[in-house]
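This report refers to the structure that appears directly beneath it.
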Number of protein chains: 4
Amino acid sequence: MQPAVSLQRNKSAGRPRSTESEAAVIIATAELLKEMPLRDLTIEEIARRAGVGKQTIYKWWKSKSAVALDAFCKAMLTEVEVPDTGSFLEDMVKQLRSVTRFYKSAAGSAFCQFLAEAQSDGEFKRTFLNVFLKPRRDAVRVIWERAIQRNEIAADTDPEIAMDNLYGPLIFRLMSGHGSLSESVTRQIARNAFLGIATEKAHAAYRKRTSER
Amino acid sequence: MQPAVSLQRNKSAGRPRSTESEAAVIIATAELLKEMPLRDLTIEEIARRAGVGKQTIYKWWKSKSAVALDAFCKAMLTEVEVPDTGSFLEDMVKQLRSVTRFYKSAAGSAFCQFLAEAQSDGEFKRTFLNVFLKPRRDAVRVIWERAIQRNEIAADTDPEIAMDNLYGPLIFRLMSGHGSLSESVTRQIARNAFLGIATEKAHAAYRKRTSER
Amino acid sequence: MQPAVSLQRNKSAGRPRSTESEAAVIIATAELLKEMPLRDLTIEEIARRAGVGKQTIYKWWKSKSAVALDAFCKAMLTEVEVPDTGSFLEDMVKQLRSVTRFYKSAAGSAFCQFLAEAQSDGEFKRTFLNVFLKPRRDAVRVIWERAIQRNEIAADTDPEIAMDNLYGPLIFRLMSGHGSLSESVTRQIARNAFLGIATEKAHAAYRKRTSER
Amino acid sequence: MQPAVSLQRNKSAGRPRSTESEAAVIIATAELLKEMPLRDLTIEEIARRAGVGKQTIYKWWKSKSAVALDAFCKAMLTEVEVPDTGSFLEDMVKQLRSVTRFYKSAAGSAFCQFLAEAQSDGEFKRTFLNVFLKPRRDAVRVIWERAIQRNEIAADTDPEIAMDNLYGPLIFRLMSGHGSLSESVTRQIARNAFLGIATEKAHAAYRKRTSER
DNA sequence: CTATAACCGAGACGGTACGTCAGGTCTTCGC
DNA sequence: GCGAAGACCTGACGTACCGTCTCGGTTATAG
């Protein structure tokens with residue numbers, strides 16, 4: 001999206017890209033996304049709000065979705081927080097709840113919009129995957145890897161599928177609204193995802209722990 | 001969408017609704033949806049293709065999404081086939097694979113588009129839920145209920161969450177494309193969903209069965 | 001245009017024409033013409049206001065202009081009043097002022113609208129001419145004929161042209177608004193029209209009369 | 001209509017107005033006006049024919065009538081020809097016939113349409129008056145002023161009314177079609193208009209001249 | 001200290017689709 | 001069969017954005 005200028009020869013003649021304009025576009029887009037769904041966003045309105053020529057936007061971004069994704073990422077400098085409680089289940093619960101909280105927030109609600117946009121824009125789908133989704137999944141995968149090392153789940157567990165067992169239900173509920181996402185629900189989702197891949201030993205430990213209550 | 005006129009008194013004065021026009025709209029829409037994503041569909045093009053006035057469409061449907069949903073449902077008169085193999089896991093595998101096959105087909109690919117559309121149109125979201133999603137979920141819920149009766153899963157299992165454990169990963173993968181949906185993957189998803197809620201007895205049986213192989 | 005029903009055999013099968021409907025259409029049209037120019041009138045709105053089906057209007061009138069003309073004529077049952085003061089000039093002044101007063105009134109302002117409509121509807125132009133304009137001109141022509149008999153104007157005067165000398169300026173001013181139509185102006189128009197065709201004798205009499213003042 | 005930019009500093013930012021588009025619109029409109037009455041003209045058809053976006057038309061003109069008037073004026077760059085034969089009556093006859101010929105021509109027939117349009121569009125009425133009618137009347141008024149100087153008509157003659165005596169009958173006949181506009185008719189109209197305001201001396205001279213024949 | 005080059009804002013351009021309105025035709029029911 | 005009701009296709013309305021295209025001006029590096 002943005003040119004990785006740093007490594008580039010900066011010697012090219014001519015006026016360099018205006019950082020003010022870029023920032024103004026990003027900020028205007030972020031604001032607009034709080035007022036309307038991505039679908040209703042228009043390049044024209046972004047340009048108007050940012051006090052920028054339309055051409056400037058077309059020059060640096062491929063589509064309004066690209067601008068929006070850029071704005072979304074910029075607003076999310078906060079690193080992904082990966083919990084490490086020592087308990088796989090608790091890590092999952094914490095993570096799921098944290099993600100849920102974010103996706104339900106004003107800023108995070110854009111996530112579903114991006115997934116929606118991806119349905120009719122293959123190019124954006126790939127970008128979204130590479131720029132946002134994959135990195136985040138890579139970051140949280142450690143939870144499952146630690147669980148394997150702790151022998152809580154089988155060594156041959158496919159973390160990708162295991163992750164979808166956790167996040168899939170969340171995203172489905174977010175997008176269709178067919179069920180709530182209360183604390184209780186997220187715990188059940190996490191628990192099911194956990195028991196679905198837990199080793200026999202971890203299973204037994206879980207049963208023992210819950211029966212004691 | 002359309003009023004269920006059949007039982008209604010047909011006494012209303014004036015020319016009755018043209019069934020030809022309605023059918024033409026539905027057919028044209030279905031065709032167009034095979035050529036382009038829902039997002040790129042236009043009322044104008046539907047009208048053109050169907051040989052129908054725009055007004056006629058605006059009169060009977062609220063939005064292009066509504067027309068598309070109608071066309072989608074009409075094309076799917078085939079009842080939801082709910083497997084009953086006697087084994088909960090096999091039922092799930094069969095169901096998941098059947099749904100996956102459909103959603104990956106030309107006709108079924110519209111499903112994700114509807115979910116996408118719902119992200120920026122609350123009214124349609126509700127309609128989609130009530131007209132399509134809820135009925136389908138109601139139909140397949142019997143798989144889980146049978147499993148409870150057979151004591152394969154705990155009596156206090158929440159079928160809604162259990163269903164999301166099965167379908168959530170599928171939909172997430174369909175929409176984001178971050179992972180494949182091969183036969184092997186669907187089996188793993190189903191297995192994890194199964195083990196996540198299986199009773200201790202069912203768990204043991206599953207372990208025994210797999211270790212024998 | 002208007003059905004000359006009275007002489008018609010009424011024996012035709014089926015429901016006879018509804019006089020209520022006809023009246024309602026005429027009344028609604030008259031009302032609407034007070035609220036908007038003829039150009040902005042719509043058959044749809046007339047039907048709505050009259051509580052009548054569109055078809056009923058299309059059946060009995062050729063166009064909205066025809067309805068409007070009908071309404072206009074019905075509202076003008078008052079016979080054309082032709083002054084007879086004994087003096088040709090005074091007759092003309094009186095007539096011109098009376099016509100001016102009417103055409104400037106709410107009801108009479110429709111006249112210019114009809115003339116306007118006629119510019120793009122040849123059929124209506126003929127109707128308007130025959131139904132409204134010609135009869136009125138025939139009625140007032142007597143003023144000129146009397147003047148000929150009184151030897152105020154030459155026997156070979158063409159009354160048609162003479163009438164246009166009187167009414168042409170009025171209508172031009174009404175339609176273009178390039179000049180007022182005060183009492184003084186109408187008198188000058190009439191005077192010029194008079195002197196333009198007056199016999200030498202009448203001319204001398206007029207000069208004598210005015211110089212005495 | 002269009003801003004008289006020529007003397008204006010051209011500092012306004014942005015792409016300048018396209019003269020090609022403007023010309024294309026004017027030409028297309030002029031063509032269309034030869035094929036249909038102003039009333040049946042549509043902005044859409046003008047845009048289509050001119051190969052121009054609708055918005056471009058809406059941006060620079062207030063209504064289709066404004067476009068048409070512009071086209072009409074552009075087509076009439078030919079200066080108003082004001083005759084100067086030395087004889088007031090002959091000047092009037094010549095002028096009237098020249099105007100009549102034009103208004104009856106394909107191009108000139110639009111005049112009545114403008115007058116018609118003015119009946120339902122006050123804004124256009126004012127524009128038409130200022131842009132077309134007033135300037136033309138100003139140009140020909142000199143005929144009457146010369147006549148005053150030559151003592152053919154009274155010094156206190158109101159030229160405005162005198163002009164209406166000449167042009168009013170023409171326009172009335174043009175618009176209503178209740179009488180022809182032959183050479184003979186135009187001469188009579190002019191003669192009546194002349195005698196209506198001629199001085200006693202001019203009157204006598206006219207009588208003498210005609211009796212000689 | 002120019003010259004060249006790329007950038008920028010502004011905004012006009014040819015288009016496409018929007019959702020609305022009315023036109024004129026048709027089809028039904030009830031009187 | 002007439003009249004109301006109202007659905008139908010058609011096509012123009014005026015608006016909003018699309019993505020492209022000039023403009024005048026600005027800000028860099030290269031010579």
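In what follows, chains are A, B, ... by sequence order, proteins preceding strands, each numbered from 1.
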- Pair D:Phe111-D:Phe128, ring pair (Phe, Tyr, Trp, His ring centres under 6.0 Å): steps then yes or no: CA-CA 10 Å; D:Phe111 174 82; D:Phe128 179 60; 5.8 Å; yes
Pairs under 3.5 Å (N/O, protein and nucleotides 8-12 of chain F):
from	atom 1	to	atom 2	distance (Å)
F:dC8	OP1	B:Ser18	N	2.9
F:dC8	OP2	B:Trp60	NE1	2.7
F:dC8	O3'	B:Ser21	OG	3.4
F:dC9	OP1	B:Ser21	OG	2.9
F:dC9	OP2	B:Gly53	N	3.2
F:dC9	OP2	B:Thr56	OG1	2.6

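- Atom-to-atom, CZ of A:Arg39 to P of E:dC18 comes out at 11 Å; the value is rounded to the nearest Å.
- Not counting sequence neighbours, the partners of D:Arg39 by the salt bridge (Lys or Arg N to Asp or Glu O under 4.0 Å) test are C:Glu117.
- With rounding to whole Å, D:Trp61 atom CH2 is found 13 Å from E:dA12 atom P.
- Residues forming a salt bridge (Lys or Arg N to Asp or Glu O under 4.0 Å) with C:Lys54 (at least two apart in sequence, or on another chain): C:Glu44.
- Following rounding to the nearest Å, D:Ile57 (CD1) and F:dC13 (C1') show an atom-to-atom distance of 13 Å.
- Rounded to whole angstrom, the span from the CG atom of A:Asp40 across to the C1' atom of E:dC18 amounts to 13 Å.
- Not a single salt bridge (Lys or Arg N to Asp or Glu O under 4.0 Å) links C:Arg126 to another residue, sequence neighbours left out.
- C:Glu22 places a side-chain heavy atom less than 4.5 Å from the side chain of C:Lys74.
- Residues from residues 25-36 of chain C that place a heavy atom under 4.0 Å from any atom of DNA chain F: there are none.
- Results of the side-chain contact (heavy atoms from CB on, under 4.5 Å) test with A:Phe114 over A:Thr127, A:Leu38, A:Val131 single out A:Leu38 as the only residue that passes.
- Here the C1' atom of nucleotide F:dC17 and the CD1 atom of A:Ile46 are 12 Å apart, to the nearest Å.
- You'll find the side chain of D:Trp61 stays beyond 4.5 Å of the side chain of D:Ile43, heavy atoms only.
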Could you pull out every donor-acceptor pair under 3.5 Å between side chains of residues 26-34 of chain C and any protein atom, sequence neighbours left out?
from	atom 1	to	atom 2	distance (Å)
C:Thr29	OG1	C:Val25	O	2.7
C:Glu31	OE1	C:Arg49	NH1	3.0

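- In this structure, the NZ atom of D:Lys62 is 16 Å from the C1' atom of F:dG14, given to the nearest Å.
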